[in-house]
Amino acid sequence: MAESVALQLDQPPEVVSAGVGVHGGQALRESFRLPDLWQLHLYSYAGELTVDGLRHPIRPGHISLIRPDTEAHFRYASRRSEHLYAHFRLPGRDPQGLRRVPVMQDAGAQAALLGTLLGTLLGSAVAAMPLSRARASAEVWTVLWHTTQLGPPERTGRPHPALAAATEYIERSLATPLTVPGIAAAAGVSPGHLTRLFRADTGDTVVAWIRRRRMERARHLLQSSTLAITAVAATVGIPDLQAFNKACRRELGASPREVRGRRVV
């Protein structure tokens with residue numbers, strides 16, 4: 001008996017059907033399986049799902065994943081029980097792409113916005129299905145990736161929420177002056193706590209992380225674009241050309257012009 005399923009997400013799913021499932025009208029109990037397809041459900045009702053002998057309470061905002069050829073037993077609390085669904089195949093083959101996800105999760109447990117986001121994405125898949133299966137598959141792929149990030153960081157492998165907020169803030173602000181206190185304030189923690197989080201998760205100080213991210217972006221822009229070196233320097237937050245030259249030599253081992261000469265083809 002398994003409480004989780006292994007998702008292969010290195011390639012997008014092939015969505016065969018997506019829509020609104022309406023159940024409970026004929027009977028308050030149903031059992032069925034899809035021999036060749038995965039089932040993804042986002043619920044707006046209360047009830048119970050039993051899979052492989054394990055019972056999972058259903059509540060509004062919960063999301064479930066059921067493997068192909070698996071008997072699913074539903075018990076509905078009301079005569080009209082609706083959920084958004086997608087039935088799909090997973091074509092991925094890379095063993096490194098396997099992600100374990102609980103059969104049932106609360107999509108709103110992290111934040112109400114996340115549950116709303118998943119509902120919006122799955123609703124978009126339903127709307128796209130008659131017009132473009134590729135679009136529907138893209139929406140469901142995004143939903144599946146989000147399901148791997150539900151739950152506490154220690155289970156999902158996600159970084160601490162403050163660290164995630166800090167790194168996102170840094171990525172959005174590389175072109176502007178950045179300070180540890182300012183980043184910590186954006187992440188909602190003290191500068192000391194933020195420094196400890198960075199050291200524990202990345203092995204870097206906050207300042208070292210910023211320096212590395214700026215130089216990684218600079219390398220990309222120098223090698224993959226024709227953007228002027230002065231513009232590259234400004235874009236990564238080091239508008240002083242002398243300072244940018246020194247940073248490139250220190251971090252990338254060459255001058256900006258030399259780095260550009262190693263252009264990626």
Side-chain angles (χ1 to χ4, degrees), residues 7-13 90-99 121 132 134-135 137-139 141-142 144-146 148-149 153 156-187 189 191-265:
L7 291 176
Q8 185 69 258
L9 296 179
D10 58 312
Q11 295 180 37
L90 287 174
R93 294 291 183 270
D94 180 9
Q96 299 300 316
L98 283 174
R99 309 276 175 161
L121 290 168
S132 171
R135 169 69 185 275
S137 294
E139 300 285 9
W141 198 17
T142 302
L144 292 174
W145 273 108
H146 276 295
T148 69
Q149 298 299 299
T156 62
R158 291 182 296 120
H160 188 282
L163 181 63
T167 54
E168 179 182 353
Y169 180 81
I170 290 169
E171 289 301 304
R172 292 175 178 271
S173 310
L174 284 180
T176 64
L178 287 166
T179 66
V180 175
I183 297 166
V189 294
H193 186 42
L194 184 66
T195 298
R196 289 190 291 274
L197 288 173
F198 264 86
R199 283 197 178 279
D201 195 87
T202 71
D204 279 336
T205 64
V206 181
V207 172
W209 176 269
I210 295 169
R211 184 169 59 241
R212 181 157 60 85
R213 291 300 304 138
R214 280 177 164 154
M215 288 299 98
E216 287 175 357
R217 185 169 294 184
R219 187 205 302 272
H220 164 69
L221 292 173
L222 289 169
Q223 294 182 339
S224 302
S225 79
T226 60
L227 196 64
I229 290 175
T230 52
V232 172
T235 297
V236 300
I238 314 175
D240 182 280
L241 279 181
Q242 186 175 2
F244 182 62
N245 196 359
K246 287 181 178 178
C248 280
R249 289 184 180 278
R250 181 178 62 246
E251 301 296 327
L252 304 180
S255 70
R257 198 172 299 277
E258 289 168 334
V259 172
R260 169 151 283 173
R262 305 168 184 168
R263 187 180 301 276
V264 176
V265 179

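Note that the numbering runs from 1 along the sequence shown for the chain.
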Q: Is the count of non-hydrogen atoms from other residues, nucleotides or ligands lying under 6.0 Å from Arg135 atom CZ greater than 12?
A: no
Q: For the residue pair Arg213 and Leu178, establish whether any side-chain heavy-atom pair is separated by less than 4.5 Å.
A: no
Q: Output the distance between atom CG (Leu163) and atom OG1 (Thr202), rounded to the nearest 0.5 Å.
A: 7.0 Å
Q: Within this structure, what is the NZ-OG distance for the pair Lys246 and Ser255, rounded to the nearest 0.5 Å?
A: 14.5 Å
Q: Under the 3.5 angstrom rule, does the side chain of Arg99 hit a backbone N or O of Leu7 as a donor-acceptor pair?
A: no
Q: Roughly how far, to the nearest 0.5 Å, is CD1 of Ile183 from CH2 of Trp209?
A: 11.5 Å
Q: Checking the side chain of Arg219 only, and the main-chain atoms of Val259 only, is there a donor and an acceptor separated by less than 3.5 Å?
A: no
Q: So how far is it from Arg172 CZ to Ile170 CD1, rounded to the nearest 0.5 Å?
A: 13.0 Å
Q: Might you point out which heavy atoms bring Ala162 and Ala187 nearest each other, and give the distance in Å?
A: O-CB, 3.4 Å
Q: Are the side chain of Thr167 and the backbone N or O of Ala164 linked by a donor-acceptor pair below 3.5 Å?
A: yes
Q: Is there a donor-acceptor contact under 3.5 Å from the side chain of Arg260 to the main chain of Ser225?
A: yes
Q: Using a 4.5 Å cut-off on heavy atoms from C-beta on, say whether the side chain of Pro13 contacts that of Leu144.
A: yes
Q: Could you list the residues that satisfy side chain to side chain donor-acceptor pair (under 3.5 Å) with Arg250, not counting sequence neighbours?
A: none
Q: How close do Leu241 and Ala233 get, counting heavy atoms only, and between which atoms?
A: CD2-CB, 4.2 Å
Q: Tell me whether Thr205 contacts the main-chain N or O of Ala208 through its side chain, where contact means a donor paired with an acceptor under 3.5 Å.
A: yes
Q: Specify the closest pair of heavy atoms between Tyr169 and Gly182, including all atoms of both residues, with the distance to one decimal.
A: CE2-O, 4.4 Å
Q: Test of understanding: with salt bridge (Lys or Arg N to Asp or Glu O under 4.0 Å), list the residues that count as partners of Arg217, not counting sequence neighbours.
A: Glu171
Q: Counting C-beta onward and ignoring hydrogens, is there a side-chain heavy-atom pair between Glu251 and Glu216 closer than 4.5 Å?
A: no
Q: Find the distance between CG (Leu9) and CG (Leu98) and round it off to the nearest 0.5 Å.
A: 8.5 Å
Q: Excluding sequence neighbours, so at least two apart, what forms side-chain contact (heavy atoms from CB on, under 4.5 Å) with Ala200?
A: none
Q: Taking C-beta and beyond as the side chain, do Met215 and Ile238 meet within less than 4.5 Å on heavy atoms?
A: yes
Q: Could you report the tightest heavy-atom contact between Pro256 and Ile229, atom names first, then the distance?
A: CB-CG2, 3.9 Å
Q: Please report the closest heavy-atom contact between Leu121 and Glu139, naming both atoms and the distance.
A: CD2-OE1, 3.3 Å
Q: Taking atom CZ of Arg257 as the centre, report whether more than 12 heavy atoms of other residues, nucleotides or ligands fall under 6.0 Å from it.
A: no
Q: Would you name the heavy atoms of Ala166 and Leu194 that are closest together and state the gap between them?
A: CB-CD1, 3.6 Å
